[in-house]
*Asks:* 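One structure coming up, written as structure tokens, with questions to follow.
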Amino acid sequence: MFVFMLVPGKLLLEHALANHYAVGAFNANNMEQVQAIMDAAAETQSPVFIQVSRGALKYSRMIYLRNIIQAAAEEHPEIPLVMHLDHGNSLETVKQAIALGFTSVMIDGSLDETGKIPLSFVDNIKVTKAVLDYARPLGVSVEAELGTLGGIEDGVGSGQVHVTDPAQVVEFIKQVPVDSLAIAIGTSHGAFKFKEKCTLALDVLKDIHQKVPNLPLVMHGSSSVPAELVAQVNKYGGKMPNARGVDIEQLKQTPQYGVTKINVDTDGRIAITAAIRKFLVEHPEKFDPREYMTPARDALKEVVKARMIAFGAAGQAKYLTPNPSPK
Ligand SMILES: [Zn+2]
């Protein structure tokens, strides 16, 4: 049997930190999404995280998605690929993911196990430490979260925003030296993030990076919700008024201050939906899923490619340890 290696997250993030770019982390739930993300990575020669939420694991019944991501590694052994658990809620969930072969896990100790109620700093440290103690000896990278993002996605989110306190970061990392840390500096999950134009708290980010310069930082909720895609959804029968995201020009400034991983989920969802809506309206006689999933996959690929280029990850694959040959 061929086993295609997935890379630990730490490897990519340390390279990104040293070279001032961010790796794109894209959520997937099915084959077409995994293919689109991988095609984008191959075409731009970018390292990449394919990340899977608890909702995605449930939807895909665990092993399906794992095997599809394995297939992506098999198809493109030249692309450093991380299979990452997004918003793990407990040690139990992390253990499941690691048993499935995930090479990176997030433990979101900013919220309780239901993913809705903020946890105290002390309880966050407690659950993060339990995960770190379990994952590190197995070579699996650990992402933690400090501060809470706005917005709710896949049932995760308290709906409240607490911008990360730089002084707390120092204390947190001292107690639990995780491989990367998700911080809250004004981004938010979902498509309806902001009433007004979003402004990231870059001053807070700078302060954090100055205090812990060797720590790879992560930004969640960083979809930009492109107006043209939202317009396409609405033109073909959708209803997404007032959808608004993070300005890409602001995101592009963050890797110089230690941001090494930028999570994008919503943009891909909108791209897929816009493409399917358009196709079905224009071809009411068609009913073969392949015919509308093909433009959907292409649309997602274009969004992912654009983000990889914007984050500076394009062309970086060759500098990382390539996927070892099949053993
Ligand atoms: Zn998130």
*Asks:* Going by distance alone, is a donor N or O of one side chain under 3.5 Å from an acceptor N or O of the other, for S223 and D265?
*Replies:* no
*Asks:* For N124 and E145, work out which heavy atoms get closest and say how close.
*Replies:* ND2-O, 2.8 Å
*Asks:* Measure from the side-chain N and O atoms of T187 to the backbone N and O of H220, and report whether any donor-acceptor pair falls under 3.5 Å.
*Replies:*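 Yes, because the side chain of T187 sits within donor-acceptor range (under 3.5 Å) of the backbone of H220.
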*Asks:* Would K95 count as a cation-pi partner of Y134, with NZ or CZ less than 6.0 Å from the six-membered ring centre and within 45° of the ring normal?
*Replies:* yes
*Asks:* Using modelled atom types and a 3.5 Å cut-off, is there a donor and acceptor pairing between side-chain atoms of T93 and backbone atoms of G88?
*Replies:* no
*Asks:* Side chain of E32, backbone of M293: donor and acceptor closer than 3.5 Å?
*Replies:*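 Checked: no pair found.
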*Asks:* Is the CZ atom of F192 crowded by more than 12 outside heavy atoms at less than 6.0 Å?
*Replies:*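 Check passes, neighbour count above 12.
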*Asks:* Run D267 and V304 through side chain to side chain contact (heavy atoms under 4.5 Å, CB included) and show every step you take.
*Replies:* CA-CA 9 Å; D267 285 352; V304 173; over 6 Å; no
*Asks:* Applying the side-chain contact (heavy atoms from CB on, under 4.5 Å) criterion to F102, which one of L57, V140, V94, I69 satisfies it?
*Replies:*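 That would be L57.
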*Asks:* Do R307 and S224 have side-chain N/O donor and acceptor atoms under 3.5 Å apart?
*Replies:* yes
*Asks:* Is it true that K211 and D207 have a side-chain N and a carboxylate O under 4.0 angstrom from each other?
*Replies:*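 The answer is yes: the pair qualifies as a salt bridge.
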*Asks:* Name the atoms and distances for all side-chain donor-acceptor pairs under 3.5 Å in residues 170-177, with sequence neighbours left out.
*Replies:*
from: E171; atom 1: OE2; to: Q175; atom 2: NE2; distance (Å): 2.8

*Asks:* Residues in salt bridge (charged side-chain N to carboxylate O under 4.0 Å, His left out) with E282, at least two apart?
*Replies:* K278
*Asks:* Going through the checks in order, is the side chain to side chain contact (heavy atoms under 4.5 Å, CB included) test met by D86 and N263?
*Replies:* CA-CA 9 Å; D86 192 20; N263 292 4; 4.0 Å; yes
*Asks:* Just to verify, what does R61 make a salt bridge (charged side-chain N to carboxylate O under 4.0 Å, His left out) with, not counting sequence neighbours?
*Replies:*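 R61 satisfies salt bridge (charged side-chain N to carboxylate O under 4.0 Å, His left out) with no other residue.
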*Asks:* Given the rule in the salt bridge (Lys or Arg N to Asp or Glu O under 4.0 Å) test, do K116 and D112 qualify, once you have shown the distances and angles that lead to the verdict?
*Replies:* CA-CA 6 Å; K116 291 183 173 61; D112 75 342; over 6 Å; no
*Asks:* With a 4.5 Å heavy-atom cut-off, do H76 and L81 have their side chains touching?
*Replies:*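 No; the side chains remain at least 4.5 Å from each other.
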*Asks:* Answer yes or no: is there a side-chain heavy-atom contact under 4.5 Å between V204 and D165?
*Replies:*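 Sidechains of D165 and V204: no contact.
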*Asks:* Are the side chain of E75 and the backbone N or O of A72 linked by a donor-acceptor pair below 3.5 Å?
*Replies:* no
*Asks:* Which value, rounded to the nearest 0.5 Å, describes the distance between N89 atom CG and L111 atom CG?
*Replies:* 10.0 Å
*Asks:* Nearest 0.5 Å please: distance from the CZ atom of R54 over to the CD atom of Q96.
*Replies:* 10.5 Å
*Asks:* Measuring from L138:CG to T103:OG1, what's the distance to the nearest 0.5 Å?
*Replies:*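 Reported to 0.5 Å precision, the distance equals 12.5 Å.
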*Asks:* Drop me the distance from K261's NZ to F49's CZ, to the nearest 0.5 angstrom.
*Replies:*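 It is 5.5 Å, given to the nearest 0.5 Å.
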*Asks:* Does N242, at its CG atom, have more than 12 non-hydrogen atoms belonging to other residues, nucleotides or ligands within less than 6.0 Å?
*Replies:*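 Open: at most 12 neighbouring heavy atoms sit under 6.0 Å from CG of N242.
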*Asks:* Flag the pair H209 / V259 as yes when at least one side-chain heavy-atom distance between them is below 4.5 Å, and no otherwise.
*Replies:* no
*Asks:* Using a strict threshold of under 4.0 Å (side-chain N to carboxylate O), is an ion pair present between D39 and K305?
*Replies:*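 Salt bridge absent between K305 and D39.
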*Asks:* Roughly how far, to the nearest 0.5 Å, is the CG atom of L12 from the CD atom of Q316?
*Replies:* 10.0 Å
*Asks:* Output the distance between atom OG1 (T260) and atom CD (E143), rounded to the nearest 0.5 Å.
*Replies:* 8.5 Å
*Asks:* Which pair of non-hydrogen atoms, one from R277 and one from Y236, has the smallest distance, and what is that distance?
*Replies:* NH1-O, 3.4 Å
